[in-house]
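Start at 1 and go down the list; that is how both ligands and their atoms are numbered.
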Amino acid sequence: MSVAHLIIEPTFMQTRLALFSTLPYKVADMKSDTVRFGRKELELALHEMPGLLSLREQYRGKKPLAGAQIMGSLHMTIQTGVLIETLVELGADVRWVSCNIFSTQDHAAAAVVVGPTGTPTNPRGTPVYAWKGETLAEYWWCTLQAIFWPDGSGPNLLLDDGGDATMLVHLGSEYEASGVIPSPESASSEEFSIVLQLLHDVRRERGNNVWRPLISKIRGVSEETTTGVHRLYERQTAGTLRFPAINVNDSVTKSKFDNVYGCRHSLTDALMRATDVLIAGKRCLVLGYGDVGKGSVQSLKGQCAKVYITEIDPICALQACMQGLDVVTIDDVVGDMDMFVTATGNHSVITVEHMMRMKHNAIVSNIGHFDNEIDIAGLEALQATGDVEKIEVKPQVHEWRFLRTTHGPDGKGHSIIVLAEGRLVNLGCATGHPSFVMSASFTNQVLAQLELHANAEAYGKTVTTLPKHLDEHVARLHLEKFGAKLTTLTDSQASYIGVKSEGPFKPEYYRY
Ligand code: NAD
Ligand code: ADE
């Protein structure tokens with residue numbers, strides 16, 4: 001189904017798409033070549049995802065997720081396709097959107113819609129609403145479509161990455177209860193004004209009792225990433241969390257693998273696909289030296305870049321020093337750096353003032369979850385006043401030319417190259433982390449969904465992590481592929497270090 005063919009009234013903002021459409025799915029391209037490519041890549045990825053493969057084998061012929069209606073909001077990549085089809089094999093009824101406007105791999109989306117047994121003309125897979133290069137209004141339209149099943153019911157479980165689906169159902173029900181939805185004009189960002197507009201439109205079309213019945217049926221959420229997990233703990237502390245949440249990010253086999261080794265793989269992949277610039281010898285500033293920052297530094301170091309970092313936390317800063325890195329402030333070095341990578345999960349880490357001082361053609365990118373680490377809104381404001389020109393090099397790669405600076409070529413304005421419009425560079429300009437790394441993350445996701453489906457009510461409205469024995473199980477499932485052979489503790493050794501010989505091998509406070 002092509003994007004251009006769908007003009008249905010009344011429509012949501014400029015999307016030309018009915019607010020509550022009857023579309024069974026919406027992706028960019030259902031051509032048979034696209035689907036074939038997607039299905040082939042899903043098959044190859046599965047071989048590299050031993051954790052998900054093993055869950056499929058463990059539950060073959062059983063349907064432990066029967067009765068689960070899972071709405072997923074997570075990058076629609078090939079690896080996510082394997083996750084979705086694992087949930088379906090385990091018996092779940094699934095609907096999906098991407099959690100980022102640039103991260104969808106269109107062949108993955110099409111292949112998942114077709115499913116293992118369908119054809120492009122008779123798709124039998126999972127409803128997906130996602131395509132690469134959505135507008136923000138389209139993105140939120142997609143989220144709404146995935147939340148509502150064709151019979152009008154909603155999900156009983158959410159699988160979220162960054163918290164957008166969780167936020168929408170919470171805000172929707174809170175504004176219904178208060179009777180007041182703030183006006184879109186009052187929003188602090190363009191994106192939030194779209195969320196508010198969506199909620200106004202839903203109320204206009206369906207009335208003021210949509211979100212409260214919907215959220216009351218949601219039994220829990222599993223959250224993928226650091227930023228989404230922060231939001232959940234904030235709600236838990238404020239007492240506004242409406243269902244139990246499993247923090248998948250802080251399974252060791254997620255954050256100490258995906259965030260670190262995934263970014264080690266996918267950061268330079270993105271920089272190279274986007275720019276083809278030699279990284280060796282370049283001065284690169286990584287802002288934030290947490291898990292993603294550490295992986296990003298390794299990625300750049302692997303290409304022999306000269307890497308500097310910024311931090312606010314003395315422990316992370318000291319870790320960087322012990323790795324031989326220079327810990328600096330952006331204000332001190334901004335004019336010397338060739339590349340910038342933000343990895344803080346914080347906002348306004350690179351400001352317009354910083355960008356005005358950068359070298360000509362400095363490359364600016366973000367690998368944290370949202371688009372506000374770099375002040376893109378500030379750049380757009382300068383564009384509106386005619387101080388900056390935005391030139392598309394190719395999708396997700398833009399030259400921003402400052403018209404009033406004088407340190408560019410011939411004493412004229414300088415340019416900077418901004419990747420993925422300040423959104424996740426590894427998913428906007430490349431294809432994200434490789435399958436093997438995502439297998440560990442997504443095995444934790446499936447375990448979290450199984451646990452919520454079986455026992456959600458036992459958790460109350462809290463945020464919890466999976467128990468350590470499951471974390472160790474996820475690691476074990478991935479060792480064989482490396483040919484790794486574990487040493488077995490003797491009984492006497494086990495008792496000497498105070499553990500059971502089958503594990504868990506570390507106390508909760510151990511930090512890896
Ligand atoms: P983290 O908390 O481990 O690391 C963030 C670091 O940034 C911390 O050490 C913090 O002290 C530092 N920091 C905060 N504000 C700062 C500032 N103003 N200047 C300098 N440093 C600052 O978090 P993480 O797991 O590394 O995740 C970082 C972001 O990346 C999050 O938004 C997360 O959701 C996202 N993420 C992205 C991917 C991806 O594939 N691109 C994968 C995992 C996580
Ligand atoms: N996050 C980082 N890489 C990813 C991938 N390949 N698929 C889904 N989510 C991701």
S.K.: Answer with yes or no whether Lys294 contacts ligand 1, where contact means a heavy atom under 4.0 Å from a ligand atom.
M.R.: no
S.K.: How far is atom 11 (O) of ligand 1 from the closest protein heavy atom, and which atom is that?
M.R.: Glu311 OE1, 2.8 Å
S.K.: Specify the protein heavy atom at minimum distance from atom 31 (C) of ligand 1: its residue, its atom name, and the distance to 0.1 Å.
M.R.: Thr227 OG1, 3.3 Å
S.K.: Quick one: does Tyr289 get an N or O within less than 3.5 Å of an N or O on ligand 1?
M.R.: no
S.K.: Measuring from the heavy atoms of Asn259, does anything fall under 4.0 Å of ligand 1?
M.R.: yes
S.K.: Over all heavy atoms of both residues, which pair between Thr80 and His75 is shortest? Give the atoms and the distance, please.
M.R.: OG1-O, 2.5 Å
S.K.: Run down the list Met76, His265, Met438 and name the one with the heavy atom closest to atom 4 (C) of ligand 2.
M.R.: Met438
S.K.: Between His433 and ligand 2, which residue portion shows a heavy-atom distance shorter than 4.0 Å: side chain, backbone, both, or neither?
M.R.: both
S.K.: Is the contact between Ala343 and ligand 1 made by the side chain, the backbone, both, or neither, using heavy atoms and a 4.0 Å cut-off?
M.R.: backbone
S.K.: Applying a 4.0 Å heavy-atom criterion (strictly less than), which segment of Leu424 is in contact with ligand 1: side chain, backbone, both, or neither?
M.R.: side chain
S.K.: Relative to the heavy atoms of Ile367, which atoms of ligand 1 are at a distance of less than 4.0 Å?
M.R.: 30 (O), 37 (C), 38 (C), 39 (C), 41 (N)
S.K.: Write out the residue and atom name of the closest protein heavy atom to atom 40 (O) of ligand 1, then the distance separating them to 0.1 Å.
M.R.: Asn426 ND2, 2.9 Å
S.K.: Short N/O distance, under 3.5 Å, between Asn426 and ligand 2?
M.R.: no
S.K.: Students should be able to answer this: which protein heavy-atom is nearest to atom 42 (C) of ligand 1, and at what distance?
M.R.: Asp258 OD1, 3.7 Å
S.K.: Out of curiosity, is Val437 lining ligand 2, as in a heavy atom under 4.0 Å away?
M.R.: no
S.K.: Below 4.0 angstrom from a heavy atom of Thr80, which ligand 2 atoms are there? Numbered from 1 as shown, please.
M.R.: 7 (N), 8 (C)
S.K.: Looking at atom 29 (C) of ligand 1, what's its closest protein heavy atom, distance included?
M.R.: Gly368 CA, 3.6 Å
S.K.: Would you say Gly293 and ligand 1 have an N/O pair spaced under 3.5 Å apart?
M.R.: no
S.K.: Could you check whether any side-chain heavy atom of Val252 comes within less than 4.5 Å of a side-chain heavy atom of Arg511, counting everything from C-beta outward?
M.R.: no
S.K.: Which option, Thr225, Val327, Thr344, owns the non-hydrogen atom nearest atom 16 (C) of ligand 1?
M.R.: Thr344
S.K.: Suppose we measure from atom 1 (P) of ligand 1 to each protein heavy atom; which comes out shortest, and what is that distance?
M.R.: Gly290 CA, 4.0 Å
S.K.: Less than 3.5 Å between some nitrogen or oxygen of Gln79 and one of ligand 2, yes or no?
M.R.: yes
S.K.: I'd like to know if Cys316 contacts ligand 1, where contact means a heavy-atom distance under 4.0 Å to any ligand atom.
M.R.: yes
S.K.: Identify the two heavy atoms, one from Pro50 and one from Lys481, that lie closest to each other, and give their separation to 0.1 Å.
M.R.: CG-CD, 4.2 Å
S.K.: So, Gln319 and Lys294: side-chain donor and acceptor under 3.5 Å apart, yes or no?
M.R.: yes
S.K.: For ligand 2, which part of Glu224 has a heavy atom less than 4.0 Å away: the side chain, the backbone, both, or neither?
M.R.: neither
S.K.: Between Tyr139 and Tyr129, is the ring centre distance below 6.0 Å?
M.R.: no
S.K.: What part of Thr431 sits under 4.0 Å from ligand 2 if we count only heavy atoms: the side chain, the backbone, both or neither?
M.R.: backbone
S.K.: Please list the nearest protein heavy atom to atom 15 (N) of ligand 1 with its residue and the distance rounded to 0.1 Å.
M.R.: Asn346 ND2, 3.1 Å
S.K.: Counting C-beta onward and ignoring hydrogens, is there a side-chain heavy-atom pair between Asn100 and Arg423 closer than 4.5 Å?
M.R.: yes
S.K.: Provide the closest heavy-atom pair for Ala187 versus Ser193 in the form atom of the first, atom of the second, distance.
M.R.: CB-N, 3.4 Å
S.K.: Give yes or no for whether the N/O distance cutoff of 3.5 Å, strictly under, is met between His369 and ligand 1.
M.R.: yes
S.K.: Closest heavy-atom contact between Tyr459 and Thr464?
M.R.: CD2-OG1, 3.4 Å
S.K.: Please report which non-hydrogen protein atom sits nearest to atom 20 (C) of ligand 1, along with the residue it belongs to and the distance in Å to one decimal place.
M.R.: Thr310 OG1, 3.5 Å
S.K.: Is there a polar contact, in the sense of an N or O pair closer than 3.5 Å, between Asn249 and ligand 1?
M.R.: no
S.K.: Any idea which heavy atoms bring Pro127 and Val94 closest together, and the distance?
M.R.: CD-O, 3.3 Å
S.K.: Quick check on contacts: which atoms of ligand 2 are under 4.0 angstrom from a heavy atom of Gly432?
M.R.: 3 (N), 6 (N)
S.K.: On a heavy-atom basis, I'd like to know which of Val292, Ile312, Asp291, Thr226 is closest to atom 17 (C) of ligand 1.
M.R.: Ile312
